[in-house]
Amino acid sequence: MSMFGMGLGRPQTDYDENKVNAYKGEMLMASHMRETMTNVCYAKCIPDHYSEPDLNKGEGNCVDRCAAKFFQAIKIVGTDLQNQASKM
Amino acid sequence: MEHLGAPTPKEQKKLEEINVDLMMNGIAGIYMSMVGRCFTHCINDLTSKSLSGKEEKCLKTCGEKFMKYQQRVDLRYGEESANLQ
């Protein structure tokens, strides 16, 4: 807080920490989202044998659909969570 | 995040630092989950210390496949997260 506009008692940082934290939260969420999606779609789409180093057609299509569904699921589950949080 | 307003240059710098941190964390996490997955799948015989030819081949194929899988997932992740808002 600047006092009398003279910059007394200024915060320690020269940037808005709340703003940076809000962005950080988003970035953290995105990072976890990517990791979770990687894990769940692998489990669903890549059968447990590795005779071929390439993704076959079925596996590739499965990954595409898995990604689309994953994001739809996020919206539904996330909305519920947000509603709950806003009631608290 | 529009309500927050665009970050100032100082904030931008801070955010880039955080981003690098998160990226490294993400890569390390995904890399280790790949190693764990491939190890669990390919290594079943623990009567010997050294990897057999078969195990080595399995690990290589598994790793290669995982990398290709990761590329595909990241591509779709980018597309889907772009139209999430």
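Chain A is the first sequence line, chain B the second, and so forth, proteins listed ahead of strands; every chain is numbered from 1.
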Practice problem: May I ask whether Val73(B) and Met67(B) are part of the same hydrophobic cluster, defined by side-chain heavy atoms of I, L, V, M, F, W, Y residues being less than 4.5 angstrom apart, directly or through others? | Solution: yes
Quiz item: Taking Tyr69(B) for the side chain and Tyr42(A) for the main chain, is one N or O donor matched with an acceptor at less than 3.5 Å?
Solution: yes
Self-check item: Cluster check Met23(B), Met34(B): I/L/V/M/F/W/Y, side chain < 4.5 angstrom
Solution: no
Quiz prompt | Any donor-acceptor pair under 3.5 Å from Arg34(A) side chain to Gly26(B) backbone | solution = no
Quiz item: Hey, what do you get for CZ (Arg72(B)) to CD1 (Ile46(A)), rounding to the nearest 0.5 Å?
Solution: 9.5 Å
Quiz item: Going only through I, L, V, M, F, W and Y residues with side-chain contacts under 4.5 Å, is there a path from Ile74(A) to Met29(A)?
Solution: no
Quiz item: How far apart are the closest heavy atoms of Ile30(B) and Glu35(A), and which atoms are they?
Solution: CG1-CG, 4.1 Å
Practice problem: Indicate, with yes or no, if Val35(B) and Ile43(B) share a hydrophobic cluster defined by side-chain heavy-atom contacts under 4.5 Å among Ile, Leu, Val, Met, Phe, Trp and Tyr. | Solution: no
Quiz item: How many angstroms lie between CD1 in Ile18(B) and OG in Ser31(A), if you round to the nearest 0.5 Å?
Solution: 12.5 Å
Practice problem: Under 4.5 Å heavy-atom distance to chain A, tell me which part of Lys14(B) shows up: side chain, backbone, both or neither. | Solution: side chain
Self-check item: chain B contact via Asn18(A) - side chain, backbone, both or neither, heavy atoms under 4.5 Å
Solution: neither
Quiz item: Out of curiosity, does Met32(B) fall in the hydrophobic cluster containing Val40(A) (side-chain heavy atoms, cut-off under 4.5 Å, transitive links)?
Solution: yes
Exercise. Please state whether the side chain, the backbone, both or neither of Asn19(B) comes within less than 4.5 Å of a heavy atom of chain A.
Key: both
Quiz item: Is there a side-chain contact between Asp21(B) and Met27(A) (heavy atoms, below 4.5 Å)?
Solution: no
Quiz prompt | Test: Lys19(A) and Glu11(B) ion pair at under 4.0 Å | solution = yes
Quiz item: Roughly how far apart are Glu80(B) CD and Lys69(A) NZ, rounded to 0.5 Å?
Solution: 12.5 Å
Self-check item: Test: Lys65(B) and Glu59(A) ion pair at under 4.0 Å
Solution: yes
Exercise. State the OG1-OH distance between Thr38(A) and Tyr77(B), to the nearest 0.5 angstrom.
Key: 9.0 Å
Quiz item: Looking at CG of Asp64(A) and CZ of Arg76(B), how far apart are the two atoms once the value is rounded to the nearest 0.5 Å?
Solution: 4.0 Å
Exercise. Find the distance between OG (Ser81(B)) and CE (Met37(A)) and round it off to the nearest 0.5 Å.
Key: 8.5 Å
